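What follows is a short report on a single structure.
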Protein chains: 2
Amino acid sequence: MTSVLVCDDSPLAREALRRAVATVPGVERVTTAANGEEVLRRWGADRSDLVLMDVRMPGLGGVETVRRLLSADPGARIIMLTVAEDLDGVALAVAAGARGYLHKDASRAELRATVTQALADPTWRLAPRRLRSADMGAAPTLTAREIQVLEGMSHGRSNAEIGRELFLSEDTVKTHARRLFKKLGASDRAHAVALGFRWGLVR
Amino acid sequence: MTSVLVCDDSPLAREALRRAVATVPGVERVTTAANGEEVLRRWGADRSDLVLMDVRMPGLGGVETVRRLLSADPGARIIMLTVAEDLDGVALAVAAGARGYLHKDASRAELRATVTQALADPTWRLAPRRLRSADMGAAPTLTAREIQVLEGMSHGRSNAEIGRELFLSEDTVKTHARRLFKKLGASDRAHAVALGFRWGLVR
DNA sequence: ACGACGGTCACCCAAAAGAGTTACGGGCCC
DNA sequence: GGGCCCGTAACTCTTTTGGGTGACCGTCGT
């Protein structure tokens with residue numbers, strides 16, 4: 001009987017997650033909880049094979065819940081859910097023993113792939129090197145050039161100035177800019193800079 | 001009654017800090033806060049002799065919290081906590097009036113020594129010249145409106161979109177934008193967003 | 001009562017940005 | 001050898017931005 005426990009304080013997110021997880025092949029039961037306390041209570045009576053849990057929750061936070069759950073049951077498999085702003089929390093949760101994490105913007109396919117993998121392989125863990133705060137979650141991978149251009153933007157330089165600085169034509173800078181916008185999902189340079197900060201790509 | 005206030009958004013780090021600080025000779029009480037807002041709220045009712053605060057926090061950033069705390073109470077003694085990557089943030093916080101900083105991987109002995117020193121000598125400051133890299137004096141004060149506009153920019157919205165969102169004309173948004181650029185010393189919106197992140201004005 | 005400041009809006013104008021498209025050479029991986 | 005990605009560059013065209021300026025109305029403090 002393969003069962004998964006989904007925990008999120010938002011009823012909407014919880015329900016969406018429940019439905020998504022229920023479509024994963026092999027999953028026979030999905031239970032839900034609204035907070036860390038409920039997860040721990042439920043765990044006493046009924047252990048699931050996998051727990052999906054939001055990092056940020058009222059009351060017992062996600063990290064603290066991971067700690068307690070693992071001290072009660074060292075074999076528990078936990079995947080954290082997170083939003084971009086929460087990189088520190090994810091790092092702590094993984095340090096505390098969570099197996100991996102999913103960005104809340106992850107596609108349904110991504111979620112299903114991760115859950116499938118975690119269920120199939122009880123030893124599965126996210127490769128630790130991917131947990132550097134800079135490329136956590138669905139962190140887009142920018143090339144060195146793109147990061148240089150993004151940094152130029154974050155210092156208030158125009159495309160022409162960035163070009164002079166990097167010995168490139170302005171047109172080339174604009175090409176890099178367009179590509180990095182696309183990768184980051186940014187609508188303009190201000191947005192790109194903000195996302196760069198949020199992803200830890202620039203400082 | 002010597003008391004210390006510890007502020008970190010991560011419960012794990014907060015608790016570890018609390019325990020470490022509690023072992024410092026002379027410290028009789030350690031209170032905790034999870035974010036900048038809580039520090040400010042708590043400060044109204046109950047002033048501690050020393051504040052240890054993370055630079056990076058959700059909500060009010062560490063730098064902005066330092067500014068507000070000191071404008072409420074110029075005598076407040078604040079030590080910033082940081083990870084290695086955050087040197088600019090530390091420099092800004094110290095420029096804003098924090099007395100010094102501690103690396104998060106500082107040994108417990110180092111932490112205790114620094115806390116002891118800060119408590120013993122109310123005038124203690126980290127040698128300021130060591131932190132000049134990003135120094136630019138006083139932190140800019142943006143109005144609520146200006147911060148709203150800056151936030152809009154950080155989410156990739158155009159001036160017209162920000163206007164619709166805030167029920168303002170585009171021209172008014174542009175006026176706010178021009179003014180906040182001036183205050184921040186920004187050359188364009190991307191630069192303004194970057195400075196907003198560096199000052200802890202937005203996230 | 002006066003001035004400073006903040007919020008609102010408008011107009012003009014030049015510069016910059018961004019989207020779309022094409023193109024070519026160099027690595028790198030199957 | 002054929003993709004695929006990266007870096008480079010150019011072209012056109014539309015939209016947006018940013019600077020300058022002026023103006024009116026509140027509020028707050030002196």
Side-chain angles (χ1 to χ4, degrees), chain A residues 109 127 129-130 134-135 138-197 199 201-202, chain B residues 64 67-68 71-72 74 137-199 201-202:
Chain A
R129 69 181 174 291
R130 288 203 47 222
D135 64 353
T141 309
L142 300 192
T143 67
R145 263 306 192 226
E146 287 161 351
I147 287 185
Q148 285 179 311
V149 170
L150 184 58
E151 273 169 355
M153 291 178 181
S154 83
H155 287 97
R157 314 217 210 289
S158 69
N159 291 335
E161 286 169 335
I162 295 171
R164 278 194 291 279
E165 201 167 6
L166 300 179
F167 305 103
L168 300 175
S169 79
E170 184 183 347
D171 279 325
T172 300
V173 175
K174 289 176 87 169
T175 300
H176 288 308
R178 243 176 293 117
R179 287 179 183 166
L180 77 89
F181 290 173
K182 191 108 186 162
K183 284 185 183 175
L184 291 171
S187 49
D188 57 39
R189 51 180 48 218
H191 197 196
V193 166
L195 294 170
F197 272 91
W199 285 116
L201 298 169
V202 294
Chain B
E64 182 66 9
R67 262 193 53 220
R68 302 204 186 180
S71 80
T141 309
L142 300 192
T143 67
R145 263 299 193 237
E146 286 162 352
I147 287 184
Q148 285 179 310
V149 170
L150 184 57
E151 272 169 355
M153 289 179 181
S154 83
H155 287 97
R157 314 219 209 287
S158 69
N159 291 335
E161 285 170 336
I162 295 171
R164 279 194 290 278
E165 200 167 6
L166 299 178
F167 305 104
L168 299 175
S169 79
E170 184 182 346
D171 279 324
T172 300
V173 175
K174 289 177 82 171
T175 300
H176 288 308
R178 249 177 285 120
R179 289 182 182 163
L180 77 88
F181 289 173
K182 192 108 186 161
K183 285 185 182 176
L184 291 172
S187 49
D188 57 40
R189 50 180 50 218
H191 197 194
V193 166
L195 293 169
F197 272 92
R198 297 192 184 115
W199 283 113
L201 298 169
V202 295

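Here the structure is a predicted model, which is why all the values come from computation and not from measurement. We name chains A, B, ... by the order of the sequence lines, and we start the count at 1 in each one. Below, each value reflects all heavy atoms present in this structure, side chains not excepted, and no hydrogens, waters or symmetry copies.
- Here B/Thr143 does not reach the OP1 or OP2 of C/dC5: none of its side-chain N or O atoms lies under 4.0 Å away.
- Proximity note for B/Asp171 (side chain, C-beta onward) versus C/dG18, C/dC9, D/dT8: the nearest is C/dC9.
- Protein atom CD of A/Glu161 is 13 Å distant from nucleotide atom P of D/dG18, rounded to whole Å.
- Rounded to whole Å, atom P of C/dA16 lies 16 Å from atom NE2 of B/His191.
- Protein atom CZ of A/Arg189 is 14 Å distant from nucleotide atom C1' of C/dA19, rounded to whole Å.
- Remark: the B/Arg178 side chain and the D/dT21 base include a donor-acceptor N/O pair separated by less than 3.5 Å.
- Of the candidate nucleotides D/dA10, C/dA17, D/dT17, C/dA17 has the atom lying nearest to any side-chain atom of A/Ser158.
- Rounded to the nearest 0.5 Å, atoms CG (A/Leu180) and CZ (A/Arg145) are 13.0 Å apart.
- When heavy atoms are screened at a 4.0 angstrom cut-off, B/Thr172 is found touching base atoms of the nucleic acid.
- Residues B/Ala186 and A/Arg145 both approach DNA chain D. Their nearest nucleotides, taken by heavy-atom distance, put A/Arg145 toward the 5′ side.
- The side chain of B/Asn159 contributes an N or O atom lying less than 4.0 Å from OP1 or OP2 of D/dT17.
- To the nearest angstrom, P of D/dA9 lies 11 Å from CG of A/Leu166.
- Side chain of B/Lys183, nearest nucleotide from C/dT8, C/dA17, C/dG6: C/dG6.
- At whole-Å resolution of the value, CD in B/Glu170 and P in C/dC9 are 12 Å apart.
- A donor N or O paired with an acceptor N or O is found under 3.5 Å between the base of C/dT8 and the side-chain atoms of B/Arg179.
- Rounding to the nearest 0.5 Å gives a distance of 11.0 Å between OG of B/Ser187 and CG of B/Leu184.
- Judged purely by atom type and a 3.5 angstrom limit, B/Ser154 has no side-chain atom pairing as donor or acceptor with the backbone of A/Ala194.
- For the pair B/Ile162 CD1 and C/dT8 C1', the computed distance is 16 Å after rounding to whole Å.
- Here C/dA17 presents its C1' atom at 20 Å from CZ of B/Arg157, a figure rounded to the nearest Å.
- Each of A/Ala160 and A/Lys182 lies near DNA chain C, and the nucleotide nearest A/Ala160 is the one positioned closer to the 5' end.
- Residues A/Asn159 and A/Arg189 meet the side-chain proximity criterion, which asks for heavy atoms closer than 4.5 Å.
- Of the two residues contacting DNA chain C, namely B/Ala144 and B/Lys174, the nearest-nucleotide position lying further toward the 5' end is that of B/Ala144.
- Rounding to whole angstrom units, CG of residue B/Asp188 and C1' of C/dG18 are separated by 14 Å.
- Counting distance only, with no hydrogens placed and no angle test, the side-chain atoms of B/Thr175 and the base atoms of C/dC9 include a donor-acceptor pair under 3.5 Å.
- Of the candidates B/Thr143, B/Thr175, B/Val173, B/Thr172, B/Val173 is the only one forming a side chain to side chain contact (heavy atoms under 4.5 Å, CB included) with B/Val149.
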